[in-house]
Student: 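Pasting a structure here, questions to come.
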Amino acid sequence: MSWFQRIKEGITTSTNEKKETPEGLWYKCPSCKHIAPTKDHIARNYVCDQCGYHDRIGSQQYFEILFDDHQFTELDADMISLDPLEFTDTKKYSSRIKDTQKKTGFKDALRTGVGVVDGEPLVVACMDFGFIGGSMGSVVGEKIARGIDYSLKNKIPFMIISKSGGARMMEAAFSLMQMAKTSAKLTLLADAGIPYISLLTDPTTGGVTASYAMLGDVNIAEPKALIGFAGPRVVKETIGKDLPKGFQTAEFVLEHGFLDFIVDRRELKSKMAQLLRLFKN
Amino acid sequence: MNFLDFEKPVAELIDQIEKQKLIGEKSKVDVSVAVRQLEIRLEETRRNLYSKLTPWQKVQLSRHPDRPYSLAYIQAITDSNFVELFGDRTVKDDKAIVGGLGSIDGQTVMFIGQQKGTTTKQRQYRNFGMANPEGYRKALRLMKLAEKFGKPVVTLIDTPGAYPGLEAEERGQGEAIARNLFEMARLKVPVVCIIIGEGASGGALGIGIGDRVFMLENTWYSVISPESCSSILWRSWDFKEKAAEVLKLTADDMLKNRLIDGIIKEPVGGAHSRPEEMFKRVKAEITKSLQELGALSTQTLVNQRIEKFCSMGVVGQSN
C-alpha cells in the first residue's frame with residue numbers, strides 16, 4: 001500500500017500491460033485504450049464503442065457521415081488566403097500557408113459542401129482543425145458568407161460545424177472583422193426564415209465561439225467537446241486557481257443554457273434529418 | 001502629469017519651465033524670456049516627437065493613465081445633459097460598460113462605452129474596462145431601447161479585452177458578444193463607433209458594429225494585444241514592439257485596409273494633453289456622421305452596414 005494514489009487516468013497502466021498498436025489496421029482509443037479494427041471504428045463514425053470518446057475528425061469525414069451516399073458538391077474549393085498584411089513572425093505567413101496546404105491537403109481551415117441528408121438538402125460549412133488550428137481568417141469568413149448566399153438563393157437550411165482555436169492572428173484585424181462579417185451575414189438568413197444549425201465540436205473557442213458558433217437557431221455540440229470564449233489556460237491564469245472539473249465541456253455549456261442539446265456523433269445524421277424535417281413541415 | 005518613457009524630453013522641458021518660473025518668483029528676476037524660449041522648444045519637441053510615433057508608442061499612448069475615458073467624453077459632449085442607465089435586467093450591472101441617454105445640441109443619443117478607472121480603487125471597480133457578459137447584455141438592452149424610440153447609438157470603445165474569468169464563461173461571454181454582433185448589424189437606427197483608447201479584439205468588437213467606425217489618432221484596434229501576440233507567436237513578451245508593427249493595428253493602417261471609416265486627429269501630445277479640444281473634435285465628428293446617416297432610410301442604413309462588414313477580407317484563387 002503506497003501513501004499516494006494516482007487518480008488521473010492513463011498513468012496507472014504498468015509497462016507489461018501497455019498496449020501498442022501497429023499503424024493503420026487497428027485503432028487505439030486515446031481515452032480508454034480500447035483497441036478496435038480501424039474499419040469498425042470508421043463505421044462507428046470515429047467514436048470509441050467502449051467509452052464513447054469522439055475522435056477529432058475533419059470536413060471530409062463529417063461530409064461523408066452527413067450526406068447521403070457520401071455525395072456532395074464542394075463550393076469555392078479553390079479559395080485561398082492572400083496574406084494581406086504581409087505578416088511575418090518566426091516564419092512568413094505566406095510560406096506558412098503554402099507549407100500547411102502541402103502538409104494537410106486543405107486550401108484553408110473550412111470547406112463548404114452541399115448535399116442531401118436523408119433526403120433533406122443542406123449546406124454544410126465545416127472547419128478543419130488541422131489547418132493552422134482551424135483558425136478563422138478571410139477565407140473562412142468569405143466561404144461562410146458565400147455558403148449563406150447559396151442557402152439564401154436556393155432556400156436550403158445552413159449548418160456550420162465549428163472546430164477552431166479562434167481568429168487567425170496572422171490576418172490580425174481582417175480576422176477580427178470576420179466575426180462581424182459572418183454575424184452580419186447570418187442576419188440575412190434569419191430575415192429569410194431559413195434555419196441555421198450550429199454544431200460545436202472539440203475544440204471551439206475564441207472568436208469563433210463569440211460569433212457564428214453561438215448564433216445557431218439550434219446550437220448543438222458533441223460530447224465532452226471543449227467550448228469556451230477564453231481558453232482554459234487563460235481563465236486559470238486570470239482566477240489564479242485550478243479550474244473546476246468539467247469546466248468548459250459541452251456538458252458544462254449545456255448546463256449553463258447555451259446549447260440546445262448534445263448529440264452523439266453516431267446519431268448526428270438522424271438527429272439532423274429529424275430537425276430539418278421539423279423545421280420544414 | 002504622468003509621462004511615458006519616450007516622452008522623457010517633453011517631461012524634462014516641462015520640468016525646466018517650472019523651475020525657471022520658481023526662480024522668477026523667488027528672486028524677482030525677470031525669467032519671461034527664458035520661459036518663452038523653453039516653451040517654444042517644448043512645442044517643437046512635442047511636434048517632432050508625436051509626428052513620428054512607432055506603433056508600440058501609440059499603443060502606450062492609448063493606455064496613458066491621464067487619457068480621458070468614456071464618461072468624461074459623454075459629460076463633455078452632452079454638456080452634462082446625460083442620464084446614466086444601469087443593469088442588464090438579468091444578472092447585474094456591469095461597471096466596465098456604462099451607458100445612457102444624452103443630448104447633443106438637442107438631439108437625444110444613446111451613449112454606450114467601456115469605462116476605465118482613474119485611481120487604483122476605481123480601476124478595480126471598473127474591472128480595468130474588461131466587461132463580463134452582463135456588460136454586453138446591458139449594452140444590447142440599451143441599443144434595443146434606442147431602437148424602440150428611434151434614437152441613434154454612439155459607442156465609445158476602450159478595452160483591453162472581454163474579461164476572461166470563470167463566471168464570464170459560465171454566463172456565456174462568447175454568446176453575449178456574438179449576440180451583440182448579430183443584433184448591432186441589423187439595428188434600425190444609426191450607429192457610430194469610436195475607438196478612444198484600446199480596441200482589443202472581440203471585447204471591443206462587441207460594441208463595435210457601426211455605420212461609421214472611427215479611431216482616434218493614437219489608439220489601436222486588432223484581434224489581439226501586442227503582448228499576447230508576442231507571447232503566442234514568439235513565446236516571450238519581449239517582442240511586443242515587433243508584434244505591434246506586424247499586427248498593423250494603428251489608425252492609419254486600419255484606414256488603409258478599409259477596416260474603419262475615418263481617423264479623428266488628437267491634439268499634439270495626445271488626447272490627454274488638451275482633453276477639451278479632443279471632446280470638441282469627437283463631438284463634431286459625431287454630429288456630422290449623425291446628420292449624414294439621418295438622411296438615409298432605415299433599409300438603406302441597415303443594408304449598407306451589412307454590406308460594409310461583408311466586404312471585409314482578402315481572398316484569392318489557387319491555380
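Lettering follows sequence order; numbering is per chain, from 1.
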Student: Shortest non-hydrogen contact from A:Met179 to B:Ile177?
Tutor: CE-CG2, 4.4 Å
Student: Which residues in residues 251-260 of chain B have any heavy atom lying under 4.5 Å from a heavy atom of chain A?
Tutor: B:Met254, B:Asn257, B:Leu259
Student: Write down the atom of A:Thr187, the atom of B:Ile306, and the distance for their closest heavy-atom approach.
Tutor: OG1-CD1, 3.4 Å
Student: To the nearest 0.5 Å, how far apart are CG in A:Leu243 and CG in B:Leu166?
Tutor: 6.5 Å
Student: Under 4.5 Å heavy-atom distance to chain B, tell me which part of A:Tyr212 shows up: side chain, backbone, both or neither.
Tutor: neither
Student: Checking heavy atoms, do the side chain of A:Ala190, its backbone, both or neither come under 4.5 Å from chain B?
Tutor: side chain
Student: Tell me whether B:Lys188 at atom NZ has more than 12 heavy atoms from other residues, nucleotides or ligands lying less than 6.0 Å away.
Tutor: no
Student: Using non-hydrogen atoms and a 4.5 Å limit, figure out which bit of B:Ile232 sits close to chain A: side chain, backbone, both or neither.
Tutor: side chain
Student: Strictly less than 4.5 Å between heavy atoms, which residues of residues 168-176 of chain B line up against chain A? Please order them by number.
Tutor: B:Glu169, B:Glu170, B:Arg171, B:Gly172, B:Gln173, B:Gly174, B:Glu175
Student: Can you tell me which of B:Arg305, B:Arg186, B:Lys308, B:Glu307 forms the most heavy-atom pairs within a distance under 4.5 Å of chain A?
Tutor: B:Arg186
Student: What option among B:Met312, B:Glu183, B:Glu245 has the most heavy-atom pairs under 4.5 Å with chain A?
Tutor: B:Met312
Student: Taking B:Lys248 for its side chain and A:Ala172 for its backbone only, find out whether a donor-acceptor pair lies under 3.5 Å.
Tutor: no
Student: Go through the atoms of A:Phe174 and report whether side chain, backbone, both or neither lie under 4.5 Å from a heavy atom of chain B.
Tutor: both
Student: Give a yes or no on this: more than 12 heavy atoms of other residues, nucleotides or ligands lie within 6.0 Å of atom NZ of A:Lys236.
Tutor: no
Student: Counting only heavy atoms from other residues, nucleotides and ligands, does the tally under 6.0 Å from CD of B:Gln317 exceed 12?
Tutor: yes
Student: Are more than 12 heavy atoms, taken from residues, nucleotides or ligands other than B:Glu167, located less than 6.0 Å from that residue's CD atom?
Tutor: no
Student: Report the option among A:Met214, A:Lys181, A:Glu255 that has the most heavy-atom pairs separated by less than 4.5 Å from atoms of chain B.
Tutor: A:Lys181
Student: I'd like to verify something: which residue of A:Thr209, A:Asp108, A:Leu215, A:Ile239 has the highest number of heavy-atom pairs under 4.5 Å with chain B?
Tutor: A:Leu215
Student: Please rank A:Ala210, A:Gly206, A:Ala180, A:Ala77 by heavy-atom pairs under 4.5 Å with chain B and give me the top one.
Tutor: A:Ala210
Student: Taking atom OG of B:Ser318 and atom CD1 of A:Ile80, what is their separation to the nearest 0.5 Å?
Tutor: 5.5 Å
Student: Checking B:Ile224 against chain A: side chain, backbone, both or neither under 4.5 Å from a heavy atom?
Tutor: side chain
Student: Where does B:Phe239 contact chain A at under 4.5 Å (heavy atoms): side chain, backbone, both or neither?
Tutor: neither
Student: Just so I understand: if I count every heavy-atom pair under 4.5 Å between each of A:Leu186, A:Val208, A:Val139, A:Val235 and chain B, which residue has the most?
Tutor: A:Val235
Student: What part of B:Ile209 gets closer than 4.5 Å to chain A, counting heavy atoms only: side chain, backbone, both or neither?
Tutor: side chain
Student: Let's go through A:Met170 and B:Leu233 carefully: what are the C-alpha distance in whole Å and the side-chain angles of both, what is the deciding distance for side chain to side chain contact (heavy atoms under 4.5 Å, CB included) to 0.1 Å, and is it a yes or a no?
Tutor: CA-CA 10 Å; A:Met170 301 84 171; B:Leu233 292 182; 4.1 Å; yes
Student: Mind ranking A:Thr205, A:Thr88, A:Asp76, A:Asp83 by heavy-atom pairs under 4.5 Å with chain B and telling me who comes out on top?
Tutor: A:Thr88
Student: Which pair of heavy atoms, one from A:Ala230 and one from B:Pro164, lies closest together, and at what distance?
Tutor: CB-CB, 3.5 Å
Student: Looking at chain A, which one of B:Ala243, B:Gly208, B:Ser222, B:Gly161 has the largest number of heavy-atom pairs inside 4.5 Å, strictly under?
Tutor: B:Ser222
Student: State whether the number of non-hydrogen atoms from other residues, nucleotides or ligands found under 6.0 Å of A:Lys91 atom NZ is greater than 12.
Tutor: yes
Student: Are any of the side-chain nitrogens in A:Asp89 or B:Lys242 under 4.0 Å away from the carboxylate oxygens of its partner?
Tutor: no
Student: List the steps, then state whether side chain to side chain contact (heavy atoms under 4.5 Å, CB included) holds for A:Met177 with B:Leu205.
Tutor: CA-CA 8 Å; A:Met177 293 309 160; B:Leu205 194 67; 4.0 Å; yes
Student: Yes or no on side chain to side chain contact (heavy atoms under 4.5 Å, CB included) for A:Leu176 and B:Ser201, after CA distance, side-chain angles and deciding distance?
Tutor: CA-CA 6 Å; A:Leu176 180 65; B:Ser201 198; 4.1 Å; yes
Student: Under the 3.5 angstrom rule, does the side chain of A:Ser183 hit a backbone N or O of B:Phe182 as a donor-acceptor pair?
Tutor: no
Student: Might you point out which heavy atoms bring A:Lys185 and B:Cys310 nearest each other, and give the distance in Å?
Tutor: CD-SG, 3.6 Å
